Each structure stands twice: as structure tokens, then as C-alpha cells.
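Accompanying notes for the structure given below.
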Amino acid sequence: MIGHLCERFAPWLTAMAAVLLWWAMVLVFDVPNYVLPSPWEAIAALYEYRFALSVHGLSTLWTTFMGFAVAVVVGMILGILVGSSRLAYRALYPLLIAFNSVPKAALVPIFVIWFGVGKVPGVLTAFMLSFFPVVANVATAFATIEPELLEVMRSLGATKRDITLKVGIPRSLPYFFASLKIAITLAFVGTVIAEIVAGNSGIGNVMLVASSNFNVPLVFAALIVVSIMGVGMYSVSDFIERRLTSWSVRPQGAAVADRGQLASAGA
Amino acid sequence: MSFIEISNVDLVYGKPGEKSTVNDTLAVSDTSITIEDGEFLALVGPSGCGKSTLLKLIAGLIRPSRGSVKVSGQEVTCPLKIVGMAFQNATLLPWRNIRDNVMLPLEIVEPYRGRHRQDRAKNRERADILLEKVGLAGFAEKMPWQLSGGMQQRAQLCRALIHEPSILLLDEPFAALDTFTREDLWGVLQELWEFRKCTIIIVTHELREAAFLAGKVSVMSSRPGRIIKTSSVDIPRPRTLETTFEPQFVELVQDLRHHISLGKTS
């Protein structure tokens, strides 16, 4: 019973411990608030700038969501292609890896030249940063379909489309959702980078302006907003994952039907 | 004319579209065999002798490098749709319950495919009848992981038979099971064969299994595989576990073992 309670409250306790440690460091070393504000000051800033933070927060959320949505669609399509065709794998995968190794922050100025300051560079950076995990995971799921299962399907005269719809996509869902959790957090990183480098709105922009004014408590308040949004989106993908791929998670302690039952079923 | 005719078949595994070299693996060499409609044939031989390759040739999943494979007089050029297959791994889809797994071929093979939606109730019934035959009545709603290995194999047999194929190809279907479960399933398979009367070809390295189930046993030599002996099994059916202790059965198994060891050395 006590162990169960401990397990339930463990995440909250560790989070509180981290905040207390932060506070203690500020107090003990007497850090000035333009270097590291105390948690209390960050929260005070959060309250003071609540209106600006919510407007810019929503802007960041929207940009992130757009980039993420495009990444999911493009990632899924590319993943299916790369995972199910050897030719597509040979042709596309090296290019994808090359794209993924480009430092994305370096692309923001180019996007600004092309599309001007505003939301578009943010959407593109979020997309660039988050589509690769989706491609890689979906491709892995498709490439690791058991060969025997493929033979069963092909011997029945299944087309590539049948195999993709009936085996590939359902089988890739757990991999897909695992990648979404990574992709959504990366998409936030992409948006905030773009807003810091070239935004005229959004949390990144707030942080840039606040730090140039030495308003470090506001920087931390903005960070809190971004992390709350990130955790929120992560929880949403986690929730959808649980609903759609419950088959891949076996309930703990579930008993496998035993031989006794089989015998009574008339074997 | 026989139902299935394999004549002088070679099969080389190599890179497609390239000239064959000495490094390519000759899996099957100059193999000929005929199988009658409704026959139960067992292919036995040492591991890696090309038994599974022969099955894939019959199913039309691969084409022979030389020679011909004919089913009901027609050259096999693409996957046959009158085939059911089952393997050592049950390969059930983990996101479908047992009944939906069994019904999978009905969503793919014509003429069932086009009618699957309106015939759903009828198809469910067909699946349930088969599941009952193999002793899985009451397990239709269970998920695959809730079943033991032997039960998953029973479900796989149902999946292979649901679209009433005229040929059932089994690739070591019971190899991963314990002896008791395996012997149970011999009985199940024998019953299914009497019930459906389709042609069954089973690949196995378990000689007692071959002798118990088949009407005809073909022994293959080690790689490159070639059929070195075919003998018919004249033990009356239905065979039971008691049959396996009769002198005639034991003698047959000894004889098969002898030929396999000959095939290894030659």
C-alpha cells in the first residue's frame, strides 16, 4: 500500500525536490536575479506577464503544431515508402540522413531570406527538426515485418496496397506513436529557435527581448510556459497512443489461457 | 496428369538479373516429383536441404531457375491463390483477435474479398466452425498473446484453411512445440485433412511426424536438395498414438532414417 502510494507520488516529489534544490542554490550562493532568478521570481514574472505570455505562447503552440502536422504526414508517407521498397530505401535514405545532419538553426536565416520574418520560418524549422524520427520509426516497422507473414499474404495474392493497409500500418502504429513523442518535443525546439533568430512573435521572441533587457525572471517564465506546452502535447500523444495501440501493451499479470481450459474446450 | 508436377527443377539463390556464378547457392537440383489431388505428402531431409524452397516453388512465390512447376496442368508463374500456408512461427497479427486473424484471407482472396462486408456474419460462422474443429471453441475473442504456442498454431491452421484452398503447404508447423502438444496437433491435422480433403504438403525433419501424417513420404538429400526416395505409407487411418508403436510404423521410420543418412554422405 505504502509502496503503491510512493510510486504514485514519486514524479511529483522529484519535481518538487528539483525546484527546492534550485531555490536552495539561489539562496545559499546569493545569486543575483539577472543571473538566476529564484523559482518564486519566475512564477511572479509568469503572473505579471500572463497576458503577453499567453498570446505569444499560443502563437508558438500554433506554429509548432503546424510544423508537427506536416512532419507527421510527410514522415509517415516517406517512412512507408522507404520501409517497403528497397529501391526507395537506396534512393532516399542517404538524402534523408544528410538532411537530418544539417544543423537546423543554420537554416533559419535562409528561410528568412526566402519567406521573410514571421511564422513560416518557424513552421519550416519545426518540420525539419521533427520529421526524421517519424520516417525512421515507420520505416523500421515496415522493414521488419516477418518474412513468413509476407509469404502468407503474397501466397493469397495480396497486393502491395493490401499488405500496407492490413499489416504494415497497424504494425507500425506503436513505432509511429513512439516517434511522435520525440517529434513533438523536437518541433517545440525548432519553433523556439526560429523565433529567437528571426521571430516577431512567439515565446522565443519574448525570451530574446526579455534577455536583452536583463529581465531574466521573464526568460524563466517563458521557459516554464514552453515546457508546460511540451509536456501537454507529449501527454496528448501518449493518450492517443494508449487508445489506439493497446494491443501492443500486455496488461501486467494477465494470465495466459491455460491447458486446462483448452482440454475442457474439447481438444 | 497429376495435380502437381515438378519436373527437373533447379533453383539457384543469387542476385536476380545477374549471371550465375560459382558462389551462388544451388538450393534444389534436378528435382522431380508428382503429387495427386487430395494426397498428403511429407518432405523430409536434413536441415538446409531445400525443403522449404520446394514449397515456395509450388506456391509460386519464387520461380525455378530451370525446369517447370505445374499445378493442374498450368505452369506456375505467379503466387497461386488456391494455396494456404502455415509456418513454424504462428505469425498471427497481434492487433486482431483470433477470429479476425482467421478471417484475414477472406479479406484478400477473391471471390470472398468483394463480398466480405455483406457476408461478415456468414464468415464469422465459418471461422467459428473451423476454430471448433481444432479445439479452440470459445477462444475466438481472445488476443493471440493470450494463447499458448500450440493454440496459436491451431489458429494458424484455421487461417490457412478458411478460404478453402485446394493446396495446404506446411513448413515445419509443429517444430517449435513440445512433444505432447505436437502429438496432439498431429491428430488435429489428420482430422482437418479428412474434413477438407485438400492436398497437403508438409515439410518436417521429424520422421515420426512424417510417417504418422502422410500418405507418401519423400526423402531429400542434403544441399543441393534432390529427392532420393519416395515411399508410400500403407498404415490404415485414422492413425493414433498407439500406431506409432506398431512394428510396421517403427520399421518405416528406421527406413526413412537410413535413407536420410545415405543422402547426407552422398
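Everything quoted here is computed from the prediction, not taken from an experiment. Just so it is clear: chains get the letters A, B, ... in the order the sequence lines come, proteins before strands, and each one is counted from 1.
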- Item | Steps toward side-chain hydrogen bond (donor to acceptor under 3.5 Å, both in side chains) verdict (Asp162(A), Thr159(A)) | CA-CA 5 Å; Asp162(A) 287 334; Thr159(A) 57; 3.3 Å; yes

- Message: Check Asp100(B) with Lys166(A), please: is the shortest side-chain N to carboxylate O separation under 4.0 Å?
- Response: no

- Item | Contacts with chain B made by residues 170-187 of chain A (heavy-atom distance under 4.5 Å), listed by residue number | Pro170(A), Arg171(A)

- Between Leu92(B) and chain A, which part of the residue has a heavy atom less than 4.5 Å away: side chain, backbone, both or neither? neither

- Task: Output yes when Asp128(B) and Arg124(B) qualify as a salt bridge under the 4.0 Å nitrogen-oxygen rule, no when they do not.
- Result: no

- Query: Under a 4.5 Å cut-off applied to non-hydrogen side-chain atoms, are Glu209(B) and Ile202(B) in contact?
  - Reply: yes

- Query: Side chain, backbone, both or neither: which part of Lys133(B) has a non-hydrogen atom closer than 4.5 Å to chain A?
  - Reply: neither

- Message: So which residue, Ile82(B), Thr91(B), Asn89(B), ends up with the most heavy-atom pairs under 4.5 Å with chain A?
- Response: Thr91(B)

- Among Pro105(B), Pro94(B), Ala160(B), which has the most heavy-atom pairs under 4.5 Å with chain A? Pro94(B)

- Query: Does a donor on one side chain and an acceptor on the other come within less than 3.5 Å for Lys119(A) and Ser59(A)?
  - Reply: yes

- Would you mind reporting whether Phe239(A) and Val236(A) have side-chain heavy atoms less than 4.5 Å apart? no

- Item | Contacting moiety of Leu80(B), where chain A heavy atoms sit under 4.5 Å | backbone

- Message: If I measure from the heavy atoms of chain A, does Gln88(B) come under 4.5 Å with its side chain, its backbone, both, or neither?
- Response: neither

- Is the backbone of Leu177(B) close enough, under 3.5 Å, to the side chain of Arg182(B) for a donor and an acceptor to pair up by distance? yes

- Message: Do Phe87(B) and Leu170(B) have side chains that approach each other closer than 4.5 Å (heavy atoms only, starting at C-beta)?
- Response: no

- Query: Can you tell which of Phe212(B), Phe40(B), Phe180(B), Trp193(B) makes a ring pair (Phe, Tyr, Trp, His ring centres under 6.0 Å) with Trp186(B)?
  - Reply: Phe212(B)

